[in-house]
Amino acid sequence: MTIPPSSSAPSRRHFLRGVGVALALPWMESLPAIAQARGGKLAAQSGPPLRLGIVYFSNGVEPAHWWAKGSGASMELGPGLLPMQPHREDMVFIRGLYSQSALASTSPHLGRMNLLSGTPVSLDPDVIRVGTSMDQVIAGAIGDRTAVPSLVLGIEPNELRLEDGLSMVYGSSLSWVSPTRPATKEIYPARTFDRLIGDGTGRVIDRSILDAVHAEARALRPRVSRDDHHKLGEYFEGIRDIEKRIARASQQERLEGWQPTLAQPDMPRPKHELPQDVPAHMKLMLDLMVLAFQMDKTRVATVMLNNDLSQMNFRFVEGVQGALHLDLTHNGRVPTKEAMYLKTNQFHIAQFAYLTERMKSISEGETTLLDNSILMCASSLFDGDLHSAEQLPILLAGKGAGSLKTGRILDYMDKGDANRKVCSLHLSLMDRMGVKLDGFGDAASRLDDL
Amino acid sequence: MEAKTLGLGALLLVALVTAISAQSRTQPGTPHPPPGVAPDITTSASAAQRPRPAVSHRAPLPAVPGASAASAILSEFCVDCHGKGKPKGGISVARLLDGLTPEAIAGEWEHWLAIADRLETRQMPPEDADAFPDDGQRREAVAFIRAAFDQYDARHAGEPGRVTVRRLTSAEYAYAIADLTGIEIKVGVDASSDAVGGEGFANFGDVQFVQDAGVERYLEAAKQVADHAVIGAGPLGFYPAPGKTGLELSALDRIEQLYAARGFRVVSGEGGRPFGLDRYEKALAVAWQYRHRVALGEPTVSLRTLAAREGITGRFAEHVWSAVMRAGTGYPTRLTVDRWQALPAPGGDRAAALARVRVECAAIVKSLVTWPSWFFARGDLAAGGQGDEDPLVFDDTTLSATTSKAWVHALNRRPGRPGSRLPTPWTVHLSVDPLHGQGATVIWRNARVVLRTAPPPPAANEPAAVTRMRVPGPIVETRSLRSVLPADVAARLGFGTSPDGSTLGPDDFATSEGTSFAIDVAAGEHVAELHVDAELGRNREAVARVMVGDTATGPARTPGQRALLGDPASAGYRAFRAGVAEYVSLLPPNSHGAANPADKDPVPAPFDNTYNSPEHDAFVTSVKYQRTDDFFTRNVVDGEERVRLNAAWNDLFGSWPYHDAYLGMLLDHFGVTSASRTITAMTPARIAALPPAAQPLVQQLRAHHAGVMQALRRAEPGQLTDALAFASRAWRRPLTPVERQSLRAFYQAARSTRQLDHDGAMRTLLARILMSPAFLYRLEMSPRSTETRLDDWQIASRLSFFLWSSIPDEPLRRAAAAGQLQESAAIASQVRRMTADPKARRLSTEFFGQWLGFYHFDQYRGVDTGRFPEFTDEVKRAMLDEAVSTFEYLVRERRPVKEILHADYVFVNQALARFYGLDVPVSASGAVQRVDGAQAFDRGGALRLGAVLTTTSAPLRTSPVKRGDWILRRILGSPTPPPPADAGTLPADDKSFEGQTLRQRLAQHKDRPQCASCHLRIDPLGFPLEGFDAVGRSRTAYADGNPVDVTGEFKGRPPIVGVNGLLDYLEDKDAAVMTTLSRKMIGYALGRNPQASDRRLMADMVRAGGDASFTDLAIAIATSRQFRYRTGAADVPAATPAPVPAPVATGTSARAATP
């Protein structure tokens, strides 16, 4: 590999080659084309851009409570979905999507943490590998149009242990920038805020430090092994990303004609430490996601409400006692515990409903922020207790800037396995976000009817 | 030889594949080589199918003898279940049989060893198999596997293998910063940047990912650390407070530390404490020893040598020596000098003589330091007491010599207590102590007894302060002293005549020494006073201390009791004054005041020194610091210490606008309002325009300022050099000339191009050093492609990160610099030193914590505190401390490693002992303490650690499955595969098993074949721990009252009962336990999974057995080839299957476009 030179030469290609991405992403070949498109077509764009927000919750759902009937205002929702009741006309209930590699994995939890890539989770303890997740593919393609390429948020820190001999990095990471590297998940609200709001001006000194360190890359190359050089590439790449961000921030003019509705944050900088209270923490992270979208600081964001195999103690929900994974998901079918499990499901959906509500309340001209977004809410398991993955619980919300018809139920369960791949959904969503691939993961076709 | 039959073609093929794998590894997923790298190997589709090759840089040996026969046996009996499709247990014997070279076998060593083991122990084929190999076949297959390993070992044992470069974990980062700076700085690099891999440790390069967000955190942290740098007139340092405040506080700290270490002081200022006066005693004894060095048998000994023996500075010994040897000293120095000179010479018994001399020296010092209190008649001030807060000052004001003094001495009451009355007769003492000159005579004129009306009695509830202020009323009666004394006493006093011939009145008398008399007057309710005017007699050269008191010696607290009678204009007084000055400069009773004076301390001229005066207070609050340590600087410290002291003072003065504040005080004092009020604005012309009295003071201040600024500037190059030394420590090796040059250039650029001052440029440089991959990554340079011996610095680094999770310390760096770390013996001795060091506690936190699962237990949130309210944060912290302290003790005290499980001690504090319900005496309330004999009360060892028992439980109940799994996985090293996805689950709460006991629920495992094969191995190991509840406390019954059952039953084995049964069981499995420990240690130390070439090392460690200490095992690793060598890049084939190209995006015509 080559460590990119410190000059400001544009290069997502260097970026991806540096990480050793095992895919030939063709859009990389067309960087000049993107620049051209930007100069021509993009400058003419006057409407708000499309945003994609993904909310993940772990440990699946109780199937008996996860259903929807009818359409539009008369849509009926199962108990697990109740918090979405006010947003029925803005959502799409999708049934029956699945990932074959997840279903086939012998690891009931971590083996199914490939929701956004559909590629198999490596069960070799020596090799960390999943697949580049679709949000990061999008960030790689359009991330340089905004101050922050993508937001990757979470509530719980990475778990420092092995689960059945596999690193819990799988359980703690939804987004992967390359098949072998998870995106850094930010759990501190204050840091997230700074990342969004820090404008990079006045960072002359930082820049001088980064430049100097960057210059070390060249000197190191002949002195370390190629493997090490490869690993160090991640670091130098991070440095370059910051340098680029600083450079970008000091360019005042926007590349596109449209102006965000919010120029300055409308919320105070969060406190420095982690909120002790889980619901407050989640609300803050979701607010930051909305802020990022509203200020057009990023157009792709994911948030993990909990890690897979979460020990999150749900005492904060009225009438619930015990930890999410061990006590509530695997509840032994004891009725009182089942009831609590339902409440955790509802709690997760309520977070999604809150996000939907917030975005609906923000107008962008004639439309709302929600109208110009696609939100996705999903878990890596269906029946949490059985670790089942024959289908995935997935909800969409938002009209996708006119590209998504909502108030619908899409049922793919009996459309045949070839036509119900979750990667087909990803292809469809990536299309809308401006990344057109012929195939992704195990899918080569878009989802019908979406 | 079969080798020959394989032929050249096969060898070439193997070499080709190896090379392809290497290529694939280093260019993962890149379908085309990068520009500039010629594709010298054509990719082959078969590369992806190959089993993992083992490490080798030579062409592998051909197949092992017996391969075909063994292959036939294994094919016949194993492949049915362990085929290539969905092999049982995830082991595909069929795939393994594809590669039968020793290297291929070693590449899958754990599977092959498992096969050999299952065959030997007849666990495989399983009971329900269709056909079984006979004994001969079993032997043959096993022999083949063993022979393959022997062949492999002969060529490859000890090979270092591939180690991915490791980034510092968040813990290592924090430790390294602490070791680099000497202070704890909480920075934002936290565990959210960590992940674990390999053997379960965060120090495993393959799971250490970085992205720009992480780099931002490093940048933030680096700047934060740099902010704590102390950049002043001294060497580069670090201080807990950042920035200029840090400079100021650190300077104060450094000054105070030097004072405390070297100085001495009696009470000075509010809250002052006496200390260090024994140094005088030692110095006097040193001087005596030096004087009699010949007689004491050390004719050539130096003063400094003797001083070092006594623990005082050489400079101080020299000074005291010169003082006591000084000829012609005056009063009061003479008192000390004479007494020291009178010390006897040593006789035959030198030791006894020295002991006697020490006693006398102590007495000399006592008189030396109590003289001021006698002289000033001022309480216990100078005696080292704590009662008097007024500082000790010798100046004309405090001496206040005068030729006459009028006395009013209370006779029948205590001053300040107007209501009190003393019965007659009243004894009056007049003391006269001639201090200078011969024949001092004191004339007492007009001595009379005066009766006055009493002050009004105190009102009810009157404050004492008000009462004290009540003074007597008008004079009622005056009688001459002469008239009230008995005739014989009056005659003794000699009224009317003076021995020196002065003219006296009838009621005057004169004395040249002290005298006393009793007065008996009927005063009734009146206040009686003696009024007398003391006057220096005819000899005006004399100086005498005079007191009127009701005791002969004083001192008392009454102010104004003492007078120094002398004529300030006389030569005699001047000589006396010089004597006092000499005393203060040669043998001062206190060496200095505090650097930041208290509100009672004196302020320098020209400011008003009156306590509580506005100017005094303004000085104390606005100027803050005052340097009064002239004696200390000149006579106590010298050399490097004096340099440090002066540097600290310059830092203190330079850390804030001290000179501006001082200037402001001066200008205010002299009523100057117009002038500019900064010191730099004080040009000579402006100074000349100031009032004449102010000019020299401002000039002096300006010179002082210039001196401080110059000192700060002069320190700059030295600090830049210090920063390079800092870089060398941070980067764990000497810098190359290019690096030195580049860091210097960076600093220069920061100053010139970016216009930073020295302070700013230094901080930027430090941040830049901490951002280097040389700090953040454990780089091991290996330019060559073959296996290379690590250099001394790399060894030092590996040792310190292995044992301390941090950078090497000075001794280790010295050993590396001296090239000593190539020898096993030297490495072993470093390991011994390092594992005994307090820093080895980190090994317990990091290694044992991650291995046994109590890492970050203080943040564990898996307990339902609603159910267990006693499980407080305090208990949680104590449990972590218990676990960490247990293994710290085990490591540092070189306890046998079998005590990891079998320790007979527990570490608790009061809170934890109470929580566990232990009936043992524990005094520690904070950190835990060791309690021996713990097995007697069912504690001790890893199995009974509160943190382990808690993390292996569910929030509301225990989990025999989790605990059994913990033992299988973490102790025995033989984990079972994960449960099938649709495994049934247990209820959360031990109250709600629907009438079944937990055991009954788990018994269902046996009835379900898909559960049985694992749970029959797991559950029996968990049940014996049921005697501990979900938060680690002993119990005998469940929450529902049913008794706990602590029996674990394996088929065909006596049951395991309770912890002791479990410990016995594990003792029998000693080899497995040792193997696990070895695996974990090797994985942790090397940053990779154990591989086939580690088998010999592991075998050595296992053989060392449970009686070996952790240190012994660490030495085995640290002196091994794999620890001391590194494999270069090119000869490392892929340790993983070659990545399949483009598994994700398959399109070629996709493009980014706007929606």
Side-chain angles (χ1 to χ4, degrees), chain A residues 2 20-27 30 34 41 50 107-108 119 126-128 131-132 141 157-158 160 162 164 167 169 181-182 184 187 205 209 212-213 223 225-228 231-232 234-235 238-239 241-242 311 313 322-323 326-327 330 332 334 337 386-387 432 434-440, chain B residues 26 28-31 34 164-165 191-192 194-197 200 202 206-207 209-215 219 746 764 767-768 771-773 779 781-783 855 861-862 954-956 975 978 981-982 985-988 992 1089 1128-1129 1136 1139 1142-1148 1150-1155:
Chain A
T2 46
V21 184
L23 59 139
L25 287 175
W27 41 263
S30 49
I34 293 176
K41 205 165 152 196
L50 178 61
S107 170
T119 39
D126 287 348
V127 182
I128 303 286
T132 309
N158 289 357
L160 298 185
L162 302 176
D164 292 328
S167 174
V169 73
R181 184 153 69 115
T184 304
I187 63 172
I205 305 293
I209 293 172
V213 174
R223 297 169 64 199
S225 74
R226 284 201 286 178
D227 274 352
D228 288 0
K231 193 74 189 168
L232 289 171
E234 292 179 4
Y235 181 64
I239 285 189
D241 285 348
I242 300 172
Q311 295 300 322
N313 192 325
L326 204 66
D327 299 333
H330 299 308
V334 175
K337 294 284 170 183
L386 296 180
H387 310 107
R432 288 167 167 81
V435 183
K436 300 199 189 299
L437 301 181
D438 286 354
F440 182 75
Chain B
T26 48
T30 312
T164 301
V165 62
S192 61
D194 292 336
V196 305
D206 285 337
V207 286
F209 307 102
V210 186
Q211 256 190 294
D212 53 344
V215 177
L219 183 58
F746 180 82
T764 310
R768 183 251 173 281
M771 283 301 282
S772 168
L779 295 180
M781 304 302 176
S782 52
Y855 200 44
R861 294 204 271 183
L956 298 164
D982 56 353
T985 54
L986 295 170
S992 54
N1089 277 336
T1136 62
V1144 180
T1146 50
T1148 51
R1151 68 223 157 266
T1154 37

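Every chain is numbered from 1, with letters handed out A, B, ... down the list of sequences. These values consider heavy atoms only, across backbone and side chains, with no hydrogens, waters or symmetry-generated copies. Not measured: the values here are computed from a predicted model.
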- Query: Should A:Asp241 and B:Val215 be marked as a side chain to side chain contact (heavy atoms under 4.5 Å, CB included) after you check the CA-CA gap, both sets of side-chain angles, and the distance that decides it?
  - Reply: CA-CA 9 Å; A:Asp241 285 348; B:Val215 177; over 6 Å; no

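Counting only distance, with no hydrogens or angles, the side chain of A:Asn158 and the backbone of B:Asp194 share a donor-acceptor pair below 3.5 Å. Looking at A:Asp228, its side chain does come within 3.5 Å of a backbone N or O of B:Val165 through a donor-acceptor pair.
When heavy atoms are compared at a cutoff of 4.5 Å, A:Leu160 approaches chain B by way of both its backbone and its side chain. In this structure, chain A has heavy atoms under 4.5 Å from both the backbone and the side chain of B:Phe209.
Annotation for B:Arg768 and A:Ile209: closest pair CA-CG2, 3.7 Å, computed over non-hydrogen atoms. Here the closest heavy-atom approach between residue A:Ser167 and residue B:Val207 is recorded as OG-CG1, 4.2 Å. Looking at every heavy atom in both residues, A:Leu232 comes nearest to B:Pro773 through CD2-CB, 4.1 Å. Looking at every heavy atom in both residues, A:Gly238 comes nearest to B:Asp212 through O-CB, 3.6 Å.
For the atom pair A:Ile205 CD1 and B:Thr764 OG1, the distance stands at 5.0 Å (nearest 0.5 Å).
Every residue two or more places apart in sequence or in another chain that forms a side chain to side chain contact (heavy atoms under 4.5 Å, CB included) with A:Thr184 is listed here: B:Gln211, B:Ala213, B:Arg217.
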